[in-house]
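I have placed the structure first, in the form of structure tokens, so that the comments after it can refer back to it.
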Amino acid sequence: MNERYDFKAIEEKWRRRWEESDLYSTRELPDLPKRYVLVMFPYPSGPAHIGHVANYNLGDVLARYLRRKGFNVLHPMGWDAFGLPAENAAIRSGVHPAKYTWDNIALLKEGLQRLGYSYDWGRELATCSPDYYRWTQWLFLRFLEKGLAYKAEGWANWCPSCRTVLANEQVIAGHCERCDTLVEQKALSQWFLRITAYAERLLEDMEELKGWPESVLTMQRNWIGRSEGCEVVFRIKDRDIEIPIFTTRPDTLWGVTFFLLAPEHPLVDELTRGTPYAEEVARFRERLRGVSNIERTAMDTEKDGVFTGAYAVNPVNGEEVPVWTANFVLMEYGTGAVMAVPAHDQRDFEFARKFGLPIRVVIQPPEGTLRAQEMTEAYVDPGVMVGCGDFDGMDSEEGKLHAVPDLLEERGWGKRTVNYRLRDWLISRQRYWGVPIPVVYCPECGLVPVPDEDLPVLLPEDVEFEFEGPSPLERSQEFRRTVCPRCEGEAERETDTMDTFVDSSWYYIRYASPHCEEAAFDHEAVRYWLPVDQYIGGIEHAIMHLLYSRFFTKVLKDLGLVDFSEPFTNLLCQGMVVMGGAKMSKSKGNIITPEQFIDTYGADTLRLFILFLGPPEADKEWSDSGIEGAHRFLNRAWRLVYRYLDVLTLKTQPVPRDSEALKRLSHLTHRTIRKVTEDIERFAFNTAIAAIMEFTNGLYREMEAAPDAFNTYEGHEALRALVLLLAPFAPFIAEELWEELGGEYSVHAQPWPEYDPQLARAERITLVLQVNGKVRERMEVDADVSPEAMEEIALASRRVREHTAGKEIAKVVVVPGKLVNVVVR
RNA sequence: GCCGGAGUGGCGGAACAGGUAGACGCGCUGGUCUCAAAAACCAGUGGGGGCAACCCCGUGCCGGUUCGAGUCCGGCCUCCGGCACCA
């Protein structure tokens with residue numbers, strides 16, 4: 001054995017050996033229990049990043065551990081390979097998106113392979129490959145058949161820089177998620193997936209997601225934004241128009257003093273056309289045009305609006321109230337029309353005060369009496385209903401939940417409804433590098449889906465990339481011109497491609513049978529592997545990717561294609577690697593590449609160090625000097641095995657079976673196995689590594705003190721345990737040391753070591769003696785000391801007596817095996 | 001504003017069920033080896049006081065419960081993340 005730890009040679013050697021022996025290839029083994037460990041696949045934007053390492057480390061440790069616990073583990077890797085950066089690169093530098101993408105995949109794959117992750121590379125997939133997107137298209141057609149995909153005219157979020165539409169979820173504070181450009185509203189005909197049809201189930205089924213972080217569930221719950229209330233129909237005075245509104249406060253219907261419409265509401269035009277109000281309404285809309293939807297509806301934007309000249313009739317009391325249009329009313333939520341109750345809604349209150357509209361109190365608080373003129377803000381809490389006809393004196397909660405809704409339903413004025421904040425998922429993108437939406441427009445037959453047998457609709461390779469103007473697919477006559485599958489006449493293809501979140505909404509199922517050519521996936525394989533037992537990824541996907549994937553899974557279940565309704569049983573959201581508390585980014589110039597550290601210290605050191613930085617869910621502060629500590633530790637482990645092998649060649653004195661050294665050695669070994677096992681089970685990889693370090697330090701000390709004790713069963717066991725425990729974290733060095741110890745190939749196929757609880761238990765413990773809760777002495781005693789003996793020891797202790805002298809002992813608290821607290825007065 | 005999460009040495013972090021605060025690592029200080037340095041190894045390292053034995057203080061702040069609180073409860077402060085005129 002080489003005295004020096006030559007990580008370069010070792011890592012190269014084993015990378016090759018593992019590949020040659022197909023160590024990580026997986027197949028269905030029905031007799032073995034399975035585990036599916038998946039880390040969110042990356043977008044191949046270039047070489048591996050330190051964030052990738054932090055991510056993929058977690059999945060790899062878990063996969064390696066579970067294999068050795070006897071599970072058949074699926075641990076695949078692939079590429080989320082469609083998307084804008086590739087196309088932007090094409091526009092900037094003329095490289096074809098396909099080449100850009102495949103080159104980056106090669107780079108990233110090389111990086112991941114250097115790190116020694118135990119993926120079954122035979123299952124590699126890329127969403128941009130026709131083998132894959134053919135099935136994305138196939139699934140889209142199933143959605144279309146079920147009415148879950150539809151095309152609609154509407155206002156869409158438009159990013160002028162990316163020149164494409166964005167889903168609501170991709171708009172962050174009014175700006176494009178990718179390029180930070182201010183998002184505009186544009187009227188377009190777009191494809192949507194009807195995720196709102198699944199709002200209720202997406203909400204309900206969260207009950208099942210016991211293995212998800214509460215924070216993610218909360219975020220999804222808020223995003224879906226379920227609210228219960230009533231739809232109430234108002235009539236427009238002197239017109240044959242009825243307009244429903246949504247309210248969560250039917251108990252305040254008697255407090256309505258005006259009525260509001262969203263500025264885009266079609267009724268605004270209808271009501272003002274040809275009236276003296278038309279002009280002012282037009283000016284108001286002009287004023288809003290320069291303002292983005294987001295700014296318009298920001299909390300701190302001042303209330304604004306104009307009167308339409310029309311009056312609405314309140315069904316509950318027949319009152320006529322003025323109809324206004326206001327900036328803060330959203331067309332997309334509810335019905336785009338709102339009843340205004342200024343006394344009990346803060347927004348309406350502000351609006352009323354600004355425009356001098358009446359305020360009428362209909363809910364009185366339990367204490368005190370509200371007077372409209374004196375109010376400085378709306379009263380939104382429950383109270384007693386007043387001025388509400390037959391309901392006077394009723395508790396407002398009772399009115400809101402039962403009495404008023406009952407009245408509305410009896411009289412046919414309205415009904416109970418549920419509203420969601422969630423909108424349908426806009427999937428159209430006016431870009432080239434994505435999955436073509438497989439439909440055709442025929443002048444005769446209209447919109448015709450591409451038949452399954454004609455899939456995939458291939459992306460044409462030969463297209464032009466321009467910064468300005470229509471997308472490459474729109475420009476490509478060759479692509480557009482086609483034949484109607486129904487009438488065989490001339491027709492045109494859809495030129496929109498799909499949002500890349502569609503690709504990633506089902507990739508985890510494809511991994512079960514990545515090469516299946518007859519279907520999107522093989523049912524037997526899916527039944528065996530799915531759902532994903534442990535999903536790992538960034539918190540930034542808390543809403544979009546995870547919600548879309550859940551939606552897809554439910555649709556697939558309803559289509560009878562899968563038999564589970566939630567795709568990810570357990571979810572771990574890992575933190576970012578940061579520097580000086582800030583996210584690493586190209587613009588800050590603080591990007592750390594794994595490459596430089598692998599070259600200097602080796603992949604094992606890098607893996608170990610990042611895991612050691614802190615718990616998975618927390619953000620981790622990078623430190624250049626810290627990594628040397630990890631490297632030092634691996635060197636120590638290496639030299640320990642080297643010295644041990646040396647000790648074995650010496651003539652050693654026989655060691656008595658009951659020697660203290662052997663006892664200490666066994667205890668050290670079994671205690672460490674227990675600690676590391678428990679820590680891995682709860683994802684505390686940082687403390688698991690700390691325990692292995694302590695073990696190493698302990699073995700050094702023992703080897704110094706009693707080298708003879710190592711040429712024994714206990715000595716062998718200790719060294720083997722060290723290597724076996726280290727293997728999931730630092731797979732290369734562990735494999736090499738395992739070979740040196742004469743273990744059979746591979747260390748990664750060895751059963752996980754078991755511990756003996758008897759041996760793991762300490763024989764001696766530190767007994768803590770306290771007086772009034774303050775530690776006054778510690779002493780070593782036998783672990784099985786009785787509580788009575790503990791009390792005796794405490795009361796006999798010189799230091800305890802010093803602190804209790806002259807005082808009355810009120811009570812003695814004994815915590816068996818731990819401490820004694822003597823309480824004095 | 002609302003909803004999550006977090007505040008512990010010079011630093012990353014540990015303390016998993018209310019019971020030794022600071023494991024492990026980094027950094028720093030001293031030592032061994034060396035002509036010297038590096039590496040390695042050994043010892044020390046929360047703050048204050050004391051010649052010492054020891055004593056006092058200490059987990060964002062204020063208060064509470066308890067024999068005992070980093071951990072539980074109430075009230076604040078700060079930071080991070082999400083949502084944000086959703087009727």
Side-chain angles (χ1 to χ4, degrees), chain A residues 172-173 213-223 225-227 229 245-249 252 260 294 296-303 326-330 332-341 344-348 350-351 419-423 539-540 542-543 575 578 581 609 612-615 617-630 632-633 635-636 639 675 678-679 681-682 684 686-694 696-697 700 704 765-778 799 802 810-815 817-824:
Chain A
I172 308 297
E214 198 47 50
S215 59
V216 174
L217 295 176
T218 305
M219 278 193 241
Q220 293 209 353
R221 219 170 269 129
N222 291 343
W223 189 261
R226 181 182 202 272
S227 71
I245 56 98
F246 174 74
T247 179
T248 55
R249 292 295 302 273
T252 64
L260 296 169
I294 312 294
R296 195 189 97 197
T297 58
M299 250 288 254
D300 45 11
T301 303
E302 207 188 323
K303 303 283 175 290
N327 60 344
F328 65 92
V329 179
L330 305 170
E332 310 88 71
Y333 186 77
T335 60
V338 177
M339 69 180 207
V341 186
H344 306 294
D345 181 285
Q346 186 58 25
R347 298 155 298 181
D348 300 346
E350 287 167 29
F351 194 82
N419 239 298
Y420 300 92
R421 210 190 74 109
L422 183 72
R423 313 277 148 78
I539 188 77
E540 66 273 19
I543 297 170
V578 297
F609 174 61
F612 186 62
L613 277 175
E617 322 82 47
D619 283 350
K620 285 158 278 277
E621 181 69 35
W622 177 266
S623 128
D624 277 354
S625 56
I627 195 167
E628 294 197 30
R632 221 172 282 163
F633 162 66
N635 268 301
R636 272 169 74 78
R639 283 195 312 269
K675 172 77 177 152
E678 288 172 354
D679 282 358
E681 294 276 354
R682 62 187 180 103
N686 53 333
T687 52
I689 292 167
I692 301 174
M693 288 174 169
E694 277 184 84
T696 308
N697 294 343
Y700 256 95
E704 200 70 47
I765 54 150
T766 305
L767 180 62
V768 175
L769 305 181
Q770 297 181 332
V771 177
N772 283 355
K774 279 183 200 262
V775 178
R776 293 303 176 188
E777 189 165 23
R778 297 158 221 252
R799 309 257 323 110
E802 275 167 24
K811 132 173 167 185
V812 180
V813 181
V814 178
V815 182
K818 281 227 164 90
L819 66 71
V820 181
N821 186 15
V822 181
V823 185
V824 295

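In what follows, every chain begins at residue 1, and chains take the letters A, B, ... in the order their sequences are listed. Below, all heavy atoms of this structure are taken into account, side chains as well, without hydrogens, waters or symmetry copies.
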> Can you give one letter per nucleotide of nucleotides 45-50 of chain B, 5' to 3': B if a protein heavy atom sits under 4.0 Å from the base, S if only from the sugar-phosphate, - if neither?
Replying inline: ------
> Expressed in whole Å, how much space separates the P atoms belonging to G4(B) and C26(B)?
Replying inline: 39 Å
> Using atom P of each nucleotide, how far apart are U59(B) and A69(B) to the nearest Å?
Replying inline: 11 Å
>> Taking C35(B) as the reference, what is the distance to G13(B) when you measure between their P atoms (whole Å, please)?
In response: 43 Å
> When the P atoms of G18(B) and G31(B) are considered, how many whole Å apart are they?
Replying inline: 46 Å
>> From the set A87(B), C67(B), U20(B), return the single nucleotide nearest to any side-chain atom of Thr766(A).
In response: U20(B)
>> Let's see if you can work this out: which of A15(B), G82(B), A87(B) has an atom nearest to the side-chain heavy atoms of Tyr333(A)?
In response: A87(B)
> If you measure from the C1' atom in U45(B) to the same atom in G25(B), how many Å do you get, rounded?
Replying inline: 14 Å
> Nearest to the side chain of Val813(A) - C67(B), G4(B), A23(B)?
Replying inline: C67(B)
>> From the set A84(B), C26(B), U20(B), return the single nucleotide nearest to any side-chain atom of Trp223(A).
In response: A84(B)
> How does each nucleotide of nucleotides 54-59 of chain B score, in 5' to 3' order, for protein heavy atoms under 4.0 Å: base (B), sugar-phosphate only (S), or none (-)?
Replying inline: SSSS--
>> Using only modelled atom types and a 3.5 angstrom limit, is any donor from either the side chain of Asn222(A) or the base of C83(B) paired with an acceptor on the other?
In response: no
>> Expected output check: what is the dot-bracket annotation of RNA chain B, where ( ) and [ ] are pairs inside the strand (brackets for crossing ones), | is paired with another strand, and pairs are Watson-Crick or G-U under 3.5 Å?
In response: (((((((..(((......[....)))((((((.......))))))((((....))))..(((((..]....))))))))))))....
